[in-house]
> 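Supplied in structure tokens, the structure appears directly below.
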Amino acid sequence: MSLSPLTQRRFAIFRAHKRGFWSLWIFLALFLLTLFAEFIANDRPLAIHFDGRWFFPVLHDYSEDAFDPGLMPLEADYTDPELRQVIEAKGWMLWPVIPFSYASIVKNLPVPAPAPPSWQNLLGTDDQARDVLSRVIYGFRISVLFGFTLTILSSVIGIAAGAVQGFYGGLTDLLFQRFIEIWGGMPQLFLLIILSSIIAPSFWILLAFLLLFSWMGLTGLVRAEFLRGRNLDYVRAAKALGVSDIAVMWRHILPNAMVATLTFLPFTLSGSVTILASLDFLGFGLPPGSPSLGELVSQGKNNLQAPWLGITAFVVLGGVLTLLIFIGEAVRDSFDPRRTAP
């Protein structure tokens, strides 16, 4: 299927924006890499060949007596020297590049935790003796997935709300605007503090709570586009021919409204990532022990004698947000009608 000349022009402008174009590829490469975090950083072997049989601990749980009937029928701890000796006597283990998961406790550290960077722990450990690089990999994945999910869901709800407001106008628009003004004035942080005292926050609970307020970000923009588009001649003609309101909104007005909306999505995504990091830093985010970039920032604040923690948090969060901002600039330029293809 061939692309329209307008779409081809937008792609050409986006590719010509070198900073945004390469930021997109770097961000996608990092995101795809962290999607397979269990195969990169894990305290379980990727594969075990033992006594002529294959085991894949990264995918399945095995008990210790699966390798030796004399051992306990408990979940295998592959860092246990006794179990490793049993396995290596009749086979071998293939370990990930980083032999630590985000919750693994690094044993036999030469100094008390937090330990500085070394060949064993390239970014050092935090104050609970957990490998920082592993937590960064897992934290990057969960932050971006949270940001993507929140951005997509809030955009769908916000676009739908703005479309209804702008298309029907009148009393519908008036009542909706008053509701948004009241709802937007709610103290979100205080409500989250109350919520966290009642139930333990989790990924989905935080997502649902933030979704209650974040959908209003695009509503005003979409509303303005629909208020302008509903009076255009081709929209009036479609309504005169008996086309349903939903069809008119979907086919004739929404494509034009999406042009302005799409330019805001990378910035909305960066804001969603920042919200999760901020809540984790304040202690109202993911459950304790979860891999989180905000928790790493808190570690840096609480351990000023370990500067690698603060530096790592700054570089990772700053790098992610910088990439998203550059991508957003390139998308904005590609949808700008005043820009010409190179």
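Every value quoted in this text rests on a predicted model; they were computed, and no experiment measured them.
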> For atom CH2 of Trp22, is the number of surrounding heavy atoms from other residues, nucleotides or ligands below 6.0 Å larger than 12?
no

> Which heavy atom of Leu212 sits nearest to which heavy atom of Trp183, and what is that distance?
O-NE1, 2.6 Å

> Report, as yes or no, whether the 6.0 Å neighbourhood of atom CZ on Phe11 holds more than 12 heavy atoms from other residues, nucleotides or ligands.
no

> Can you measure from OG (Ser104) to CG (Asp43) and round to the nearest 0.5 angstrom?
3.5 Å

> Does the Thr125 side chain pair with the main chain of Ala115, one donor and one acceptor, at a distance under 3.5 Å?
yes

> For the residue pair Ser154 and Ser214, what are the closest heavy atoms and their distance?
CB-OG, 3.4 Å

> Any idea which heavy atoms bring Ser334 and Ile13 closest together, and the distance?
CA-CG2, 3.7 Å

> Is the Phe21 ring parallel, tilted or perpendicular to the Phe14 ring (thresholds 30°, 60°)?
perpendicular

> Would you indicate whether Ile199, at its atom CD1, is surrounded by more than 12 heavy atoms from other residues, nucleotides or ligands within a distance under 6.0 Å?
yes

> In terms of heavy-atom contacts, does CG of Asp233 have more than 12 from other residues, nucleotides or ligands at under 6.0 Å?
no

> Does atom CH2 of Trp92 have more than 12 heavy-atom neighbours, drawn from other residues, nucleotides or ligands, at distances under 6.0 Å?
yes

> Taking the side chain as every heavy atom from C-beta outward, state whether Pro116 and Val111 have any pair of such atoms under 4.5 Å apart.
yes

> Going by heavy atoms in the side chains, are Leu83 and Phe67 under 4.5 Å from each other?
yes

> Is there a continuous path of hydrophobic side-chain contacts, each under 4.5 Å between heavy atoms, that joins Ile180 to Leu227?
no

> Only one of Leu296, Leu293, Asp126, Thr312 clears side-chain contact (heavy atoms from CB on, under 4.5 Å) with Arg135; which?
Asp126

> Do the non-hydrogen side-chain atoms of His252 and Tyr234 ever get within less than 4.5 Å of each other?
yes

> State, with a plain yes or no, whether a side-chain heavy atom of Tyr78 is found less than 4.5 Å away from one of Ile48.
yes

> Give me the one residue out of Phe50, Trp54, Phe56, Phe55 that meets ring-ring contact (aromatic ring centres under 6.0 Å, His included) with Tyr62.
Phe55

> Under the criterion ring pair (Phe, Tyr, Trp, His ring centres under 6.0 Å), I'd like the reasoning laid out for Phe31 against Phe148: C-alpha separation, chi angles, the key distance, then a yes or no.
CA-CA 11 Å; Phe31 178 57; Phe148 271 129; 5.5 Å; yes

> Decide if atom CD of Gln85 counts as having more than 12 heavy atoms of other residues, nucleotides or ligands within a radius under 6.0 Å.
no

> Does the side chain of Leu286 reach to within under 4.5 Å of the side chain of Leu276, using non-hydrogen atoms?
yes

> Do Phe176 and Arg178 have side chains that get closer than 4.5 Å, going by heavy atoms?
no

> State yes or no: do Phe100 and Val132 share one hydrophobic cluster built from I, L, V, M, F, W and Y residues joined by side-chain heavy-atom distances below 4.5 Å, directly or via other members?
yes

> Any salt bridge linking Glu75 with Arg44? Criterion: basic side-chain nitrogen under 4.0 Å from a carboxylate oxygen.
yes

> Does atom OH of Tyr102 have more than 12 heavy-atom neighbours, drawn from other residues, nucleotides or ligands, at distances under 6.0 Å?
no

> Under a 4.5 Å cut-off applied to non-hydrogen side-chain atoms, are Trp308 and Pro114 in contact?
yes

> Would you say Glu295 and Phe281 make side-chain contact, with heavy atoms under 4.5 Å?
no

> Around atom CZ of Phe264, are there more than 12 heavy atoms from other residues, nucleotides or ligands closer than 6.0 Å?
no

> Is the NZ or CZ atom of Arg19 both under 6.0 Å from the centre of the six-membered ring of Phe326 and within 45° of that ring's axis?
yes

